[in-house]
Amino acid sequence: MSNDRVWLEQKYLSQITGDILYVGTNTYTSHYPTLIGEGTFESLDSCPERSRLGGSTSAAHHNVSILDFFPTKLYDHVSIHGCHGYMGHNIDNSCIQEELIHASSWVKPGGTFQFGPGCGYLSQYNEPFWTQFTKGLPFTEYEILHNKVETPNYIFWGRKLEK
């Protein structure tokens, strides 16, 4: 298992409770709902194939793009992992900041936001790029809990500041 998936399973998902939206499904994410403490787990992916293979059967799953998702509630935790910095499977790197600002609006004040794009898979999306990128919106609305490369992904995790 890659370092980013070890981090996700052991340091992130196993430590959170509440209403969780996990964005970016695949076959290896179907057990993620069992890793969280108390709460509800929902997943989202824009790729029909990955949604079919990785959408949990024990939790709500949304097969829609980030920009087309308008939840009826706010979440305690939103994770967008493996959905940027890669190619294929409906991944759209042309509007990353717009997607993240929209997704950040789904997080309750005091809740957390986790972003894990590919780091170095596409040469322009390397560690210096993501380090600079996470200095802008929506990341400035968060207290940093974790912000570094966990190969092969860059991982930002922050707690949303109260306004």
Side-chain angles (χ1 to χ4, degrees), residues 1-14 16 19-36 40-73 75 77-107 111-134 136-139 146-158:
M1 184 175 351
S2 61
N3 290 342
D4 70 313
R5 296 287 162 187
V6 170
W7 183 89
L8 274 171
E9 292 189 15
Q10 296 177 7
K11 305 280 186 188
Y12 176 65
L13 291 171
S14 65
I16 59 176
D19 292 331
I20 298 147
L21 178 66
Y22 185 86
V23 182
T25 60
N26 205 336
T27 54
Y28 45 80
T29 66
S30 61
H31 71 287
Y32 282 9
T34 67
L35 300 177
I36 66 165
T40 60
F41 186 96
E42 295 179 33
S43 57
L44 182 147
D45 201 296
S46 66
C47 178
E49 178 184 344
R50 286 203 171 182
S51 288
R52 183 176 51 79
L53 297 173
S56 171
T57 58
S58 64
H61 179 73
H62 311 277
N63 182 208
V64 64
S65 72
I66 291 172
L67 292 175
D68 291 331
F69 184 62
F70 296 92
T72 58
K73 65 178 182 181
Y75 295 92
H77 310 280
V78 172
S79 171
I80 301 176
H81 198 86
C83 300
H84 299 96
Y86 292 98
M87 292 175 46
H89 305 288
N90 289 353
I91 292 173
D92 182 358
N93 291 305
S94 70
C95 55
I96 299 170
Q97 187 174 32
E98 182 182 1
E99 287 184 343
L100 297 179
I101 289 170
H102 182 61
S104 178
S105 73
W106 311 333
V107 181
T112 71
F113 187 66
Q114 189 269 313
F115 173 59
C119 189
Y121 180 79
L122 299 174
S123 61
Q124 69 269 35
Y125 298 116
N126 54 28
E127 185 173 357
F129 175 86
W130 294 123
T131 299
Q132 186 62 37
F133 185 83
T134 57
L137 285 174
F139 306 100
H146 189 91
N147 193 26
K148 68 179 207 170
V149 173
E150 300 289 347
T151 309
N153 288 36
Y154 189 96
I155 295 181
F156 173 91
W157 183 30

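Here Thr112 contributes atom OG1 and Ile20 contributes atom CD1; the two are 8.5 Å apart, rounded to the nearest 0.5 Å. To the nearest 0.5 Å, atom CG of residue Leu21 and atom CZ of residue Phe41 are 8.0 Å apart. We find the CG-CH2 distance between Leu13 and Trp7 to be 8.5 Å, quoted to the nearest 0.5 Å. Atom CH2 of Trp106 and atom CD1 of Ile66 lie 5.5 Å apart (nearest 0.5 Å). Taking OG1 of Thr131 as the start and CG of Asn147 as the end, the distance is 6.5 Å to the nearest 0.5 Å. Here Glu42 contributes atom CD and Phe69 contributes atom CZ; the two are 6.0 Å apart, rounded to the nearest 0.5 Å.
What you find for Thr34 and His31 is that their closest heavy atoms are OG1-O, 2.6 Å. Contact record, Val149 with Cys119: CG2-SG, 3.9 Å, taken as the closest heavy-atom pair. Shortest non-hydrogen contact noted between Thr134 and Tyr154 is OG1-OH, 3.6 Å. The two atoms that bring Thr29 and Pro33 nearest to each other are O-CD, 4.1 Å, heavy atoms only. Ile80 and Ala103 get closest at one heavy-atom pair: CD1-CB, 3.4 Å. Taking each heavy atom of Tyr22 and Leu8 in turn, the nearest pair found is OH-CD1, 3.7 Å.
The aromatic rings of Phe139 and Phe113 are tilted relative to each other, their planes meeting at an angle between 30° and 60°. Using cut-offs of 30° and 60° on the angle between ring planes, the pair His102 and Phe70 is perpendicular.
Residues Pro152 and Asp4 meet the side-chain proximity criterion, which asks for heavy atoms closer than 4.5 Å. Looking at Phe133 and Phe156, their side chains never come closer than 4.5 Å, going by heavy atoms from C-beta outward. Within the 4.5 Å cutoff, the side chain of Met1 has heavy atoms near those of the Glu9 side chain. A 4.5 Å side-chain heavy-atom check between Tyr12 and His146 finds every atom pair outside the cut-off. Two residues are said to be in side-chain contact when any heavy atoms from C-beta on lie closer than 4.5 Å; Lys11 and Ile155 fail this criterion.
Between the side chain of Ser65 and the backbone N or O of Asp68, at least one donor-acceptor pair lies under 3.5 Å. No donor-acceptor distance shorter than 3.5 angstrom exists from the side chain of His77 to the backbone of Gln114, with no hydrogens or angles considered. Listed for the Asp45 side chain is a donor-acceptor partner under 3.5 Å among the backbone atoms of Cys47. The main-chain N or O of Gly118 is found under 3.5 Å from a side-chain atom of Trp130 such that the two form a donor-acceptor pair.
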All N/O donor-acceptor pairs, side-chain side in residues 87-100, below 3.5 Å, sequence neighbours left out:
| from | atom 1 | to | atom 2 | distance (Å) |
| --- | --- | --- | --- | --- |
| His89 | ND1 | Arg50 | NE | 3.4 |
| His89 | NE2 | Arg50 | NH2 | 3.2 |
| Asn90 | ND2 | Ser46 | O | 2.8 |
| Asp92 | OD1 | Ser94 | N | 2.9 |
| Asp92 | OD1 | Ser94 | OG | 2.5 |
| Asp92 | OD2 | Ser94 | OG | 3.3 |
| Asn93 | OD1 | Gly85 | N | 2.7 |
| Asn93 | ND2 | Tyr86 | O | 2.8 |
| Gln97 | NE2 | Leu137 | O | 3.0 |
| Glu99 | OE1 | His84 | NE2 | 2.5 |

